[in-house]
There are 2 protein chains.
Amino acid sequence: MKVVPGGIAATGGPVLRKLQGFGRLEEADATALALFESGTRLAPSGADLICEGDRPEGMLAITEGFACRYKLRENGARQIMAYLIPGDVCDFESSVLDRIDHAVGTLSTCRIVRVAPEAARDLRARPALERGLRTAALVDEAILREWIMNLGRRSAVERLAHLFCELLVRMRAVGLAFGNSYDLPITQLDLADTTGMTSVHVNRSLGELKRAGLIERKGKRLTLCDLPRLMEMAEFRPNYLHREVPVAA
Amino acid sequence: MKVVPGGIAATGGPVLRKLQGFGRLEEADATALALFESGTRLAPSGADLICEGDRPEGMLAITEGFACRYKLRENGARQIMAYLIPGDVCDFESSVLDRIDHAVGTLSTCRIVRVAPEAARDLRARPALERGLRTAALVDEAILREWIMNLGRRSAVERLAHLFCELLVRMRAVGLAFGNSYDLPITQLDLADTTGMTSVHVNRSLGELKRAGLIERKGKRLTLCDLPRLMEMAEFRPNYLHREVPVAA
DNA sequence: CGCTAGATTGATAACTGTCAAGGGCGGTGG
DNA sequence: CCACCGCCCTTGACAGTTATCAATCTAGCG
């Protein structure tokens, strides 16, 4: 769990890995990012990193753990509209709106980097990084569309299956998947608030997936035992996450 | 229905009106846009303007009618993930992905403008227009998030109410709302595919809204009879559509 | 004036939510 | 090292919402 700055520079932090997936970076770009990724701090689970109504500025990156974008209803109901996994960057610099329309909070203990406005501009001044960040933003938007599809036209079980497939691809992109497994350090209530269901129903749907031999969960580690069948049932096609042909299963 | 080029230049087409809402434009910007908006063509209802898998290039603008972004499931189920109303622009130039992940189709007869890649770059070369288009894209993304909230955490009636409120604000921004009314030239099936429901259930929910005296529909014209109550029941807060304080009801 | 897509409506089934009561596991303090 | 506590996971019974299936009605259009 401990991250040594030297280690980051050597192996590359998740943000670097992710952006490299979108296009080749120069040595100097990597160095800039590595430096940037070394300035991390810890945030406990359930903490708000950004509140709705905050003035947008700077950037926020996740290097460990899961965070999310979410909104609340007056009755307390929460809807999660995006996961921020290691390597993901929220860029508030480009936001032309004067207030942020959603909150950002952690779903687990997270290691994060807060980038001040000036530092953010320095990073964006590097063409390759600017391009990478922009690509990442477009992918995030494609994910939003796919989630709309998920909520509107897939059943409970399919929604979970689709989400798990998406996360596998995203975790692989930052080197955090091990075969068809990855750590999913979030609660069933979080899954419920993601998929528009109840935690009770999430529990039952997970049970269904387990009984069908499609997934397995040991502690926080999720394994997609039968990825082809999962992908088929969820009609998961990873094209929205990549430029080219995805990694083989 | 007929649009005279001179008329557009004089009154300003919907795209111009929309972008002006995001920030002041120079005369030359307006002229460039007006010229651009004069090159329209008609598309019949139910036509595909962009197919999933197309290579992204150029831009596409709507000046009359309703279009949408959508995806299909293998069983034919459709999910609409965005409405394109007059003034809206789909920009495929900035898409770094090599294939479009969704289709764009008309929901009614539409007047559209297809902008070739070079022309699109000419427009973006104007700083004010570039800024405006970028703001528009960010608003579109905010709308996606709000739709996720809608699908995940609002009831059938609330979803419709929220959608109608959002469309009122958006139609006002392009001068196409008359008081609390506007033309909604789409079918109940389209509403169903937007809100993740069935056309049957849309019909019943609309009936509920009508019986409650909240909306009224005469032909294609929708009237929000009791906007305050509608906004309250849907917890509609237009902050995600604007920079500043919205127009009073 | 006949056609056809879209709007309505009723009856019934399926899915998902709500309420409530345990059960289990990790984490903390003694 | 162990007991206690709290959060989360599970499970059952029941209610509410939404989907399905099918038939009828209606309005715009050629």
Side-chain angles (χ1 to χ4, degrees), chain A residues 1 44-47 66 73 75-80 105-109 150-161 163 183-211 215-222 233, chain B residues 1 44-47 65-66 73 75-80 105-109 150-161 163 183-211 215-222 233-234:
Chain A
M1 279 308 196
S45 176
F66 270 48
R73 288 198 59 167
N75 64 12
R78 177 177 65 157
Q79 177 64 44
I80 292 176
T106 57
L107 297 174
S108 71
T109 302
N150 224 17
L151 286 164
R153 287 291 179 241
R154 274 192 264 260
S155 70
V157 181
E158 292 169 339
R159 274 180 247 185
L160 289 171
L163 178 63
D183 281 326
L184 187 64
I186 69 178
T187 186
Q188 292 187 0
L189 217 188
D190 298 328
L191 285 174
D193 291 344
T194 304
T195 52
M197 329 196 252
T198 295
S199 66
V200 173
H201 200 236
V202 164
N203 183 283
R204 294 189 166 119
S205 303
L206 284 178
E208 204 172 313
L209 287 172
K210 280 178 202 157
R211 261 176 280 114
I215 68 169
E216 202 169 276
R217 203 164 187 203
K218 288 203 184 108
K220 290 299 164 196
R221 172 62 58 94
L222 176 72
M233 81 172 295
Chain B
M1 280 305 195
S45 176
F66 271 48
R73 287 198 60 168
N75 64 12
R78 176 178 66 158
Q79 177 64 45
I80 291 175
T106 56
L107 297 174
S108 70
T109 301
N150 224 17
L151 286 165
R153 288 291 180 239
R154 274 192 263 261
S155 70
V157 181
E158 291 169 340
R159 275 180 246 185
L160 288 171
L163 177 63
D183 281 325
L184 187 63
I186 70 179
T187 189
Q188 293 187 358
L189 216 187
D190 297 329
L191 286 174
D193 291 345
T194 303
T195 52
M197 324 197 255
T198 294
S199 67
V200 172
H201 200 238
V202 164
N203 183 284
R204 294 189 166 119
S205 303
L206 284 177
E208 205 173 310
L209 287 172
K210 279 179 205 161
R211 260 177 280 115
I215 67 170
E216 202 169 278
R217 202 163 186 205
K218 288 205 182 108
K220 290 299 161 196
R221 172 62 58 93
L222 175 72
M233 82 172 295

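Naming: A, B, ... by sequence-line order, numbering from 1 per chain. Hydrogens, waters and symmetry mates are skipped; everything else that's a heavy atom, side chains included, is used.
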Taking for A:T187 and for B:S205 the nucleotide of DNA chain D with the nearest heavy atom, the one nearer the 5' end belongs to A:T187

Does D:dC9 have its OP1 or OP2 closer than 4.0 Å to a side-chain nitrogen or oxygen of A:S199? no

Check against side chain to side chain contact (heavy atoms under 4.5 Å, CB included), B:T195 and B:R154: CA-CA 10 Å; B:T195 52; B:R154 274 192 263 261; over 6 Å; no

Within the pair B:Q188 and C:dA5, is there a side-chain N or O less than 4.0 Å away from OP1 or OP2? no

Just compare D:dT20, D:dT11, C:dT16 and give me whichever is closest to any side-chain atom of A:S155. C:dT16

Contact class for B:K218 vs. all strands (heavy atom < 4.0 Å): base, sugar-phosphate, or nothing? nothing

Residue pair B:F66 / B:S108: nearest heavy atoms and the distance that separates them: N-OG, 3.0 Å

Spacing of A:H201 atom NE2 relative to D:dG16 atom P, expressed in whole Å: 18 Å

How many Å lie between CG on A:L189 and P on C:dG17, as a whole number? 12 Å

What is the separation between atom CG on B:L209 and atom C1' on C:dT8, rounded to the nearest whole Å? 16 Å

Tell me: CD1 of A:I186 to P of D:dC7, nearest whole Å? 19 Å

How long is the straight-line distance from CD of A:Q188 back to OG1 of A:T198, given to the nearest 0.5 Å? 12.0 Å

Nearest to the side chain of B:M197, heavy atoms from C-beta on, is which of D:dA19, C:dG6, D:dT10? D:dA19

Looking at CG of A:L206 and CZ of A:R211, how far apart are the two atoms once the value is rounded to the nearest 0.5 Å? 10.5 Å

Nearest to the B:N203 side chain among C:dT8, C:dG6, D:dT18, which nucleotide is it? C:dT8

Taking D:dT20, D:dA19, C:dT18 as options, the one with an atom nearest any side-chain atom of B:V200 is D:dT20

Atom-to-atom span, CG of B:N75 to C1' of D:dT20 - whole angstrom: 14 Å

May I have the distance from B:L191 (atom CG) to D:dT18 (atom P), rounded to whole angstrom? 15 Å

Are B:K220 and C:dG6 close enough that a side-chain N or O sits under 4.0 Å from OP1 or OP2? no

Per B:R204 side chain, nearest of listed nucleotides C:dG10, C:dC19, C:dG17: C:dG10

If you only use heavy atoms from C-beta on, which nucleotide in C:dA7, D:dT18, C:dT16 is closest to the side chain of A:A156? C:dT16

Within the structure shown, what part of the strands sits under 4.0 Å from B:G196 by heavy-atom distance: base, sugar-phosphate, or nothing? sugar-phosphate

Where the side chain of B:R217 is defined as all heavy atoms beyond and including C-beta, which of C:dA7, D:dT18, D:dC8 is the nearest nucleotide? C:dA7

Rounded to whole Å, the CZ-C1' distance (A:R159 to C:dG17) equals 12 Å

How close do B:K220 and B:I186 get, counting heavy atoms only, and between which atoms? NZ-O, 3.8 Å

Between A:E158 (CD) and C:dT16 (P), how many Å, whole number? 9 Å

Please figure out whether A:V202 or B:L206 has its closest DNA chain C nucleotide nearer the 5' end. B:L206

Given B:R217 and B:L184, is the side chain to side chain contact (heavy atoms under 4.5 Å, CB included) satisfied, shown in steps? CA-CA 9 Å; B:R217 202 163 186 205; B:L184 187 63; 4.1 Å; yes

